[in-house]
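Input: a single structure, listed below in structure tokens.
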Amino acid sequence: MREGAPDEVLEPLLGSRQPQVRAAGVTALRRTARFAQAEPFLSDRSGIVRACARWVLRQRGTDPLPLYRALCADPTDENLPPGAALGLAECGTRTDAELLLPLIGHPVAAVRTRAVAGLRVLGRVSGCDQFAGCDFAARSSSIDRLA
């Protein structure tokens, strides 16, 4: 492969709107030994892309779970990528629900909805009592669609 060719190919793949194409780009990061570039894709909006990012990082010996836990540690972080909450649930354990519960009160609706979805993945949503203390009237109706 000629010099510069990986960048010419990877940039459009990684920036694609199609999840399958982004996933192919993330997977290609392993072949080009650009493992660290997979880390931002841990929070992608697509589950397949997040899974590929976790796989690439594990190939280098990096466990993605502590990265997800660090991302979700601050429930007031308005820059929290919404996919981080669901990614935590995808590779975490039931005890990680403790990090997701505060996110259902997050100021960004997309984070709230993915936190609820993550709680469901972890088997921790059994009824409305899980949401005690959250002012749903002040939040978007997006949580209601998931809950």
Side-chain angles (χ1 to χ4, degrees), residues 6-125 128-147:
D7 289 332
E8 292 172 12
V9 174
L10 281 175
E11 280 186 42
L13 293 175
L14 295 172
S16 175
R17 293 175 51 109
Q18 301 297 320
Q20 298 88 345
V21 176
R22 282 195 316 279
V26 170
T27 303
L29 291 171
R30 179 188 174 273
R31 186 171 188 167
T32 59
R34 298 175 185 196
F35 300 99
Q37 284 182 283
E39 194 170 318
F41 292 95
L42 288 172
S43 301
D44 194 88
R45 63 188 174 270
S46 168
I48 192 166
V49 177
R50 290 189 303 271
C52 289
R54 288 191 295 268
W55 178 79
V56 169
L57 290 172
R58 285 181 181 129
Q59 295 302 302
R60 180 185 64 182
T62 301
D63 182 7
L65 187 53
L67 299 173
Y68 278 122
R69 287 176 176 152
L71 281 170
C72 296
D74 182 4
T76 62
D77 180 5
E78 292 190 19
N79 295 317
L80 175 65
L86 198 46
L88 174 61
E90 290 166 347
C91 70
T93 64
R94 287 181 59 91
T95 59
D96 289 310
E98 299 307 316
L99 287 171
L100 294 179
L101 280 169
L103 294 179
I104 62 174
H106 195 274
V108 177
V111 174
R112 292 192 305 269
T113 58
R114 281 160 185 96
V116 171
L119 288 167
R120 284 185 164 194
V121 167
L122 295 173
R124 291 292 305 265
V125 175
C128 294
D129 58 324
Q130 294 288 328
F131 305 109
C134 186
D135 182 11
F136 286 112
R139 306 295 184 193
S140 83
S141 63
S142 56
I143 288 181
D144 295 333
R145 288 190 296 264
L146 283 176

Are Leu67 and Leu57 close enough that some pair of their side-chain heavy atoms sits under 4.5 Å apart? yes

Is the closest basic N to carboxylate O distance between Glu98 and Arg124 below 4.0 Å? yes

Is Cys52 close to Phe41 at the side-chain level, that is, under 4.5 Å between some pair of heavy atoms? no

Enumerate the side chain to side chain donor-acceptor pair (under 3.5 Å) contacts for residues 42-51, please, sequence neighbours excluded, ordered by first and then second residue. Arg22-Asp44, Arg50-Glu90

Heavy-atom closest pair (Val108 atom, His106 atom, distance to 0.1 Å) is N-ND1, 3.0 Å

Would a distance-only check, ignoring hydrogens and angles, find a side-chain to backbone donor-acceptor pair under 3.5 Å from Asp77 to Asp74? no

Checking side-chain contact (heavy atoms from CB on, under 4.5 Å) between Val111 and each of Leu86, Ile104, Leu80, which is the one that passes? Leu80

Pro107 versus Glu78, closest heavy-atom pair with distance: CG-CG, 3.7 Å

Excluding sequence neighbours, so at least two apart, what forms side-chain contact (heavy atoms from CB on, under 4.5 Å) with Ala51? Arg54

Can you see which heavy atom on Gly92 is nearest to which on Asp96, and at what distance? CA-OD2, 3.1 Å

Of all heavy-atom pairs linking Ala38 and Ala53, the shortest is O-CB, 3.5 Å

Check: Ser16 side chain, Leu13 main-chain N or O, donor-acceptor pair, under 3.5 Å: no

Are the side chains of Leu99 and Leu88 in touch, meaning some heavy atoms are under 4.5 Å apart? yes

Start with the C-alpha distance between Arg58 and Cys91, add both sets of side-chain angles, then the distance that settles side-chain contact (heavy atoms from CB on, under 4.5 Å), and finish with yes or no. CA-CA 12 Å; Arg58 285 181 181 129; Cys91 70; 3.9 Å; yes

Taking atom CG of Leu119 and atom CG of Leu103, what is their separation to the nearest 0.5 Å? 8.5 Å

Give a yes or no answer on whether the side chain of Arg69 reaches the backbone of Leu65 with a donor-acceptor pair at less than 3.5 Å. no

Closest heavy-atom pair, Leu100 versus Ala89, reported as atoms and distance to 0.1 Å, is CD1-CB, 4.1 Å

Within a strict 4.5 Å, meaning less than it, do heavy atoms of the Arg34 and Val56 side chains meet? no

Should Leu29 and Leu14 be marked as a side-chain contact (heavy atoms from CB on, under 4.5 Å) after you check the CA-CA gap, both sets of side-chain angles, and the distance that decides it? CA-CA 10 Å; Leu29 291 171; Leu14 295 172; 4.1 Å; yes

Assess the residue pair Tyr68 and Leu42 against the criterion (side-chain contact (heavy atoms from CB on, under 4.5 Å)); give the C-alpha distance rounded to whole Å, side-chain angles, the decisive distance to 0.1 Å, and a yes or no. CA-CA 8 Å; Tyr68 278 122; Leu42 288 172; 3.6 Å; yes

